[in-house]
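Sharing a structure, written as structure tokens. Questions coming.
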2 protein chains.
Amino acid sequence: MGALAEGLTRNQALVLDRLVAAGTPLSAYAILDALRPSGLKAPLQVYRALDRLVDRGLVHRLESLNAFIACCHDQHDRTAVFLICQRCGAVDEEDAPTLQGAIADLARASNFAVDSVVLEIKGLCRGCR
Amino acid sequence: MGALAEGLTRNQALVLDRLVAAGTPLSAYAILDALRPSGLKAPLQVYRALDRLVDRGLVHRLESLNAFIACCHDQHDRTAVFLICQRCGAVDEEDAPTLQGAIADLARASNFAVDSVVLEIKGLCRGCR
DNA sequence: GCAAATGACGTTATGCTATAACATTTCATT
DNA sequence: AATGAAATGTTATAGCATAACGTCATTTGC
Ligand SMILES: [Zn+2]
Ligand SMILES: [Zn+2]
Ligand SMILES: [Zn+2]
Ligand SMILES: [Zn+2]
């Protein structure tokens with residue numbers, strides 16, 4: 001089946017399984033289409049599951065793609081950074097301790113209290129450049 | 001009238017003027033509604049103008065807001081960073097030389113060729129924290 | 001000049017992304 | 001069992017973005 005994490009509801013597990021199996025970003029509607037055979041019928045079922053998964057840090061939303069991707073780490077000490085290949089669509093998620101520091105400095109200089117960071121880098125991956 | 005930059009078409013000038021006057025991010029549809037009295041009627045008129053303005057660097061798209069904001073600089077030597085206040089909606093655009101370097105290092109380590117960077121920081125601004 | 005190419009424009013229709021609102025169900029706690 | 005919290009199911013709607021078509025104006029090269 002694929003119980004990929006404990007304490008997930010059926011819908012949440014379905015959505016997470018699908019994202020993990022894909023390994024690439026999927027839109028909510030792509031997830032919905034993939035899960036119709038499993039009984040999901042409406043966008044809201046997917047969006048609600050995604051909300052919980054994102055809250056738990058098991059899934060990330062990619063703002064510049066309007067898509068979601070399974071987290072490939074156990075936990076995040078640092079801000080996540082996404083390297084998004086514009087040719088093959090691959091997305092590489094990395095922690096960014098150095099960037100974290102630079103962002104903190106920038107925010108401090110502006111007297112800005114950071115809550116969250118969206119950091120998505122577009123370009124060509126190792127294999128496509 | 002407000003010819004804010006040379007070489008702009010009528011629609012482009014209308015959209016840019018509106019964004020500059022707002023000083024805050026506006027959605028394409030908010031811009032359209034504001035410009036209906038000026039004769040604009042369809043989303044595509046706004047989106048096309050925005051495309052050109054973004055190409056020229058006169059306007060930035062904020063991915064996490066699905067909105068657009070006028071650039072407050074003459075030109076960009078560095079990647080633009082946006083500090084987005086979640087309480088009052090203010091957006092502060094800054095250059096980020098230090099971050100630029102950290103991003104370059106990260107990309108180099110992954111053998112990734114950077115094309116563009118989306119960097120949007122959410123939190124509380126100076127006045128709202 | 002004039003034809004071709006280019007780019008902006010106008011319009012209609014369509015598609016993709018996300019949430020509102022409401023009723024119902026499930027499950028843990030008391 | 002009663003309560004409350006969270007998840008679910010369903011329908012409808014709102015918000016964001018582009019496809020596809022034809023037209024018009026400007027520029028470029030002959
Ligand atoms: Zn992650
Ligand atoms: Zn690639
Ligand atoms: Zn700018
Ligand atoms: Zn504020």
Side-chain angles (χ1 to χ4, degrees), chain A residues 3-19 22 24-56 58-69 84 86 89 91 118 120 122, chain B residues 3-19 22 24-56 58-69 84 86 89 91 118 120 122:
Chain A
L4 287 155
E6 299 301 329
L8 295 182
T9 65
R10 169 188 149 85
N11 287 0
Q12 291 163 20
L14 284 170
V15 170
L16 180 56
D17 281 357
R18 186 71 200 91
L19 280 171
T24 53
L26 295 177
S27 74
Y29 279 77
I31 295 169
L32 174 59
D33 287 341
L35 294 181
R36 285 190 193 279
S38 302
L40 294 201
K41 293 175 182 170
L44 213 49
Q45 296 175 292
V46 175
Y47 278 107
R48 287 201 276 230
L50 286 169
D51 284 345
R52 306 301 130 67
L53 293 169
V54 169
D55 285 345
R56 287 184 178 229
L58 298 173
V59 166
H60 299 292
R61 173 177 169 79
L62 296 170
E63 297 289 348
S64 67
L65 299 179
N66 289 330
F68 300 83
I69 191 167
I84 302 171
Q86 291 167 321
V91 174
V118 173
E120 301 173 12
K122 308 286 193 72
Chain B
L4 288 155
E6 299 301 328
L8 295 182
T9 66
R10 169 187 148 86
N11 287 359
Q12 290 163 20
L14 285 170
V15 169
L16 180 57
D17 281 357
R18 185 70 199 90
L19 280 171
T24 52
L26 295 177
S27 74
Y29 279 76
I31 295 169
L32 174 59
D33 288 340
L35 295 181
R36 284 190 194 281
S38 302
L40 295 200
K41 293 175 181 170
L44 214 50
Q45 295 175 293
V46 175
Y47 280 106
R48 287 200 276 231
L50 286 169
D51 284 345
R52 306 300 130 65
L53 293 169
V54 169
D55 285 345
R56 288 186 180 228
L58 299 173
V59 166
H60 300 293
R61 172 177 170 78
L62 296 170
E63 296 289 349
S64 66
L65 299 179
N66 290 329
F68 301 83
I69 191 167
I84 302 171
Q86 291 167 321
V91 174
V118 173
E120 301 173 10
K122 307 286 192 73

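As the structure is a computational prediction, the values presented were derived from the model and not from experiment. Each chain gets a letter, A, B and so on, in the order the sequences are listed, and its residues count up from 1.
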Nearest-neighbour nucleotide for the A/A42 side chain, C/dA18, D/dT10, D/dA17 considered: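 Nearest to the side-chain atoms of A/A42, counting from C-beta on, is D/dT10.
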Protein-nucleotide distance (A/Q45, atom CD; D/dG9, atom P), rounded to Å: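 Rounded to whole Å, this separation is 5 Å.
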A/K122/A/E120 under salt bridge (Lys or Arg N to Asp or Glu O under 4.0 Å): CA gap, chis, key distance, verdict: CA-CA 7 Å; A/K122 308 286 193 72; A/E120 301 173 12; 5.9 Å; no
pair A/L8-A/R56: side-chain heavy atoms closer than 4.5 Å: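 SC-SC contact between A/L8 and A/R56 confirmed.
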Between C/dC9 (P) and B/N11 (CG): distance, integer Å: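 Distance, rounded to whole Å: 4 Å.
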Touch class at under 4.0 angstrom, heavy-atom based, for A/R48 against every strand present: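 Base contact - A/R48 has a heavy atom under 4.0 Å of at least one base atom.
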Worked verdict on B/D33 versus B/R36 for salt bridge (Lys or Arg N to Asp or Glu O under 4.0 Å): CA-CA 5 Å; B/D33 288 340; B/R36 284 190 194 281; 3.3 Å; yes
Phosphate OP1/OP2 of D/dA17 contacted by A/N66 side-chain N/O (<4.0 Å):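 So the side chain of A/N66 is outside the cut-off, no N or O lying under 4.0 Å from OP1 or OP2 of D/dA17.
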Residue-phosphate contact under 4.0 Å: B/T9 side-chain N/O, C/dG7 OP1/OP2: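 Negative; the distance criterion is not met.
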Atom-to-atom span, OH of B/Y29 to C1' of D/dA14 - whole angstrom: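 Distance, rounded to whole Å: 11 Å.
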Nearest-angstrom distance from the residue atom CD of B/E63 to C1' of C/dT17: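 To the nearest whole Å, that distance equals 14 Å.
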Separation of D/dA19 C1' from B/D51 CG (nearest whole Å):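 It works out to 14 Å between those atoms.
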Earlier contact from the 5' end, DNA chain C, for B/R10 and B/P43: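 Comparing both residues, the 5'-ward one is B/R10.
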Sugar-phosphate only, base, or nothing, as touched by B/A28 at under 4.0 Å among non-hydrogen atoms: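 B/A28: no heavy atom of the nucleic acid under 4.0 Å.
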Gap between atoms CG and C1', on B/L65 and D/dC16 respectively (whole Å):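 After rounding, the reported distance stands at 13 Å.
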Side-chain heavy atoms of A/I31 within contact of A/L50, under 4.5 Å: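 A side-chain contact exists here, since the closest heavy-atom pair is under 4.5 Å.
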d(CG, A/L44; P, C/dT17) in whole Å: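 Rounded to the whole Å, the gap is 16 Å.
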Close side-chain approach of A/E63 to B/V118, heavy-atom, < 4.5 Å: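 No; the side chains remain at least 4.5 Å from each other.
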Under-4.0 Å side-chain N/O to phosphate OP1/OP2 contact, B/R52 with C/dA8: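 Indeed, a polar side-chain atom of B/R52 lies that close.
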Separation of D/dA17 C1' from B/L50 CG (nearest whole Å):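 Spelled out: CG on B/L50 to C1' on D/dA17 is 11 Å.
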